[in-house]
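A short write-up of the structure that comes next.
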Amino acid sequence: MAISDVKEYAHLTPEDVEAIGAELDAIRREVESSLGQQDARYIRNVIRLQRGLEISGRAVLFASLFPPAWLAGVALLGTAKIIENMEIGHNVMHGQWDWMNDPEIHSTKWEWDNAGPSEHWKITHNFLHHKYTNVLGMDDDIGYGLLRVTRDQRWSPFYLGQPVYNLLLQMFFEYGVAIQHLELGKVAKKKWAADSPERRQFEEDRKTVLKKIGKQAAKDYLIFPLLTGPAFLGTLTANLAANVVRNVWTNAVIFCGHFPDGAEKFTKGDCDNETQAEWYLRQMLGSANISGGPLMHFMTGNLSHQIEHHLYPNIPSRRLGDIAVRVRALCEKYDLPYTTGSLPVQYAKSWRTIMKLSLPNKYLRRGTDDAPETKSEKVFGGETTIDPVTGRRRGLRTALAEGGRKLTRRTQPAMAS
């Protein structure tokens, strides 16, 4: 089975698939050739803004004994941590700014304000997640080892507690990211010899994780609180609150990008021997966008353009909004799904999936093929027809659109049951 056999793409011919790939490649080349000083100025300004917010927040917390100062400190510091995590750290470590040859803003040098070591994250996220997006058994971002988010995952009684697991994962998301690389669930099932290379590698990785967690905890919960003297306790709790704010926001944005309705999950067979063009198609079907204005895009690190980010993970984030217009037009041209919606709607759908799939399949009304969280907004089913002009197979709904009447797309569909 190839990705082109997935029903949402069943109307495409092999020539269509390669043509889509060629158009997406052309977009990449055009954007990369136009990168310049305006882009470099943008990221440097963002870094200055983030550092200014962090310094302001930590300064205000010297008066954290007073509730208004505590709240202001949490707001400033939480915002700074979100920007550093989303628009700076995530994107810098993707190599989006490596073309600048600035040693400070380079994927090989940046260590983010997060409990997860950057060297581990670049393996679990940059490589595994982006290469095997939403492929069960390959992409650990599918449920983060805790959650069942597709019916293709075998149910076990453990999943009954996943609403609670997800709530805890939200609040302490940076620690979930930190231990993800260790694959503790898989390690627990292995029987390594004490001196085996695998055990030595695991222990080295564990040491790296604990060192980074310790460094972050010392900074936020000891050093900076001590610097504020009598306000120690207020500063400590404010730092904790700012980290939770950042964790919940980051978790929400990421879950909206891959778990709402229309964001398909795959099995290993779906991506066997796939071409670059088929890889593009899988990224488009496995990702979902968040609608909103400039502030929403900025505070999500432009992961509100998750589809475009997965097509071009190393293109500077500020360019994704313009790219999105062209990608959406390409989807219209080839009658492909383009999943997007507001953050509250997308996040509610993600939570609904998590709640539903905590139960065995026998208690769910729909199956793998027609469940709302595993099908795209535009369902072609298995039935297609041949366009008499182009000779291309078309989806049933498009074929039935009489008189050239344009199919109305529901970009923010009502939540299905």
Side-chain angles (χ1 to χ4, degrees), residues 85 114-116 120-121 123-125 128-130 132-189 209 244 246-268 270 285-288 290 303 306 310 339 341 343-368 371-375 415-417:
N85 195 120
N114 190 294
H120 289 178
W121 183 86
I123 296 173
T124 58
H125 183 85
L128 291 174
H129 173 60
H130 275 268
Y132 301 107
T133 305
N134 282 17
V135 176
L136 189 63
M138 301 296 290
D139 179 8
D140 283 343
D141 280 17
I142 297 181
Y144 291 88
L146 280 176
L147 308 174
R148 180 177 182 243
V149 293
T150 169
R151 286 163 168 77
D152 289 328
Q153 291 172 274
R154 181 177 298 178
W155 182 87
S156 74
F158 173 81
Y159 291 121
L160 289 171
Q162 70 179 29
V164 176
Y165 309 152
N166 192 45
L167 183 62
L168 293 173
L169 182 63
Q170 279 187 315
M171 296 177 63
F172 304 105
F173 192 56
E174 63 178 312
Y175 300 106
V177 171
I179 65 173
Q180 184 181 14
H181 181 76
L182 300 180
E183 298 184 316
L184 296 178
K186 296 179 182 178
V187 170
K189 300 176 182 178
V209 169
V244 170
R246 183 270 315 277
N247 291 341
V248 171
W249 177 257
T250 304
N251 175 274
V253 171
I254 291 173
F255 275 42
C256 285
H258 292 294
F259 297 152
D261 297 6
E264 188 61 87
K265 313 301 182 296
F266 309 98
T267 59
K268 294 178 183 178
D270 295 333
L285 186 59
S287 305
I290 302 171
L303 290 183
Q306 187 73 249
H310 267 265
T339 304
L343 187 143
V345 169
Q346 300 290 66
Y347 198 41
K349 290 177 179 177
S350 299
W351 260 102
R352 182 197 59 192
T353 294
I354 290 167
M355 298 285 286
K356 286 171 58 178
L357 297 188
S358 65
L359 301 173
N361 286 348
K362 64 181 180 181
Y363 294 113
L364 304 176
R365 288 184 297 171
R366 298 183 180 181
T368 300
E373 68 273 10
T374 56
K375 66 178 182 180
M415 289 181 60
S417 61

**Asked** Mind checking whether Leu184 and Ile179 have side chains closer than 4.5 Å, heavy atoms only?
**Response** yes

**Prompt:** Could you give the distance from CZ (Arg246) to CZ (Phe173), rounded to the nearest 0.5 Å?
**Reply:** 10.5 Å

**Message:** Tell me whether the rings of His258 and His129 are parallel (<30°), tilted (30 to 60°) or perpendicular (>60°).
**Reply:** perpendicular

**Asked** Is there a side-chain contact between Tyr159 and Leu357, using heavy atoms and a 4.5 Å cut-off?
**Response** no

**Request:** Indicate yes or no: at least one non-hydrogen side-chain atom of Asn166 is less than 4.5 angstrom from one of Phe255.
**Result:** yes

**Prompt:** Aromatic rings His125 and Trp121: how do their planes relate, parallel, tilted or perpendicular, breaks at 30° and 60°?
**Reply:** parallel

**Prompt:** In Å, rounded to the nearest 0.5 Å, how long is the span from CG of Leu168 to CG of Leu146?
**Reply:** 9.0 Å

**Prompt:** When rounded to the nearest 0.5 angstrom, what distance separates CG in Leu128 from CE in Met138?
**Reply:** 7.0 Å

**Prompt:** Checking side-chain contact (heavy atoms from CB on, under 4.5 Å) for the pair Asn251/Leu169: CA distance, chi angles, key distance, verdict?
**Reply:** CA-CA 8 Å; Asn251 175 274; Leu169 182 63; 4.0 Å; yes

**Item:** Student check: side-chain heavy atoms of Asn134 and Glu264 closer than 4.5 Å
**Value:** no

**Request:** Keeping the roles fixed (side chain from Glu174, backbone from Val244), state whether a donor-acceptor pair exists under 3.5 Å.
**Result:** no

**Request:** Take Trp155 and Leu364, measure what side-chain contact (heavy atoms from CB on, under 4.5 Å) needs, and give me the verdict at the end.
**Result:** CA-CA 12 Å; Trp155 182 87; Leu364 304 176; over 6 Å; no

**Asked** Looking only at heavy atoms, which two atoms of Leu167 and Trp351 are closest? And how far apart?
**Response** N-CH2, 4.1 Å

**Residue pair Ala178 / Ala115: nearest heavy atoms and the distance that separates them** = CB-O, 3.5 Å

**Fill in**
Separation between OH (Tyr132) and NZ (Lys268), nearest 0.5 Å, reads 9.5 Å

**Prompt:** From Thr339 OG1 over to Gln306 CD, what is the distance, rounded to the nearest 0.5 angstrom?
**Reply:** 12.0 Å

**Request:** Show the numbers, then the answer: is there a side-chain contact (heavy atoms from CB on, under 4.5 Å) between Arg148 and Ile354?
**Result:** CA-CA 7 Å; Arg148 180 177 182 243; Ile354 290 167; over 6 Å; no

**Prompt:** Quick one: does Phe266's side chain get under 4.5 Å of Ile142's, heavy atoms only?
**Reply:** no

**Item:** Spacing of Thr250 atom OG1 and Asn114 atom CG [to the nearest 0.5 Å]
**Value:** 8.0 Å

**Message:** Is any side-chain heavy atom of Gln346 closer than 4.5 Å to one of Asp261?
**Reply:** no

**Asked** Have Gln180 and Asp141 got a donor and an acceptor in their side chains that come within less than 3.5 Å?
**Response** yes

**Request:** Starting from the C-alpha separation in whole Å, work towards a yes-or-no answer on side-chain contact (heavy atoms from CB on, under 4.5 Å) for Leu182 and Val187.
**Result:** CA-CA 8 Å; Leu182 300 180; Val187 170; 5.9 Å; no

**Message:** Parallel, tilted or perpendicular: which one describes the rings of His130 and His310, with boundaries at 30° and 60°?
**Reply:** parallel

**Asked** Which heavy atom in Ala263 sits nearest to a heavy atom in Gly286, and how many Å separate them?
**Response** CB-O, 3.8 Å

**Request:** Search all heavy atoms of Leu343 against all heavy atoms of Cys256 and return the closest pair with its distance.
**Result:** O-SG, 3.8 Å

**Request:** Considering non-hydrogen atoms only, spot the tightest contact between Pro260 and Ala288 and give its length.
**Result:** CG-CB, 3.7 Å

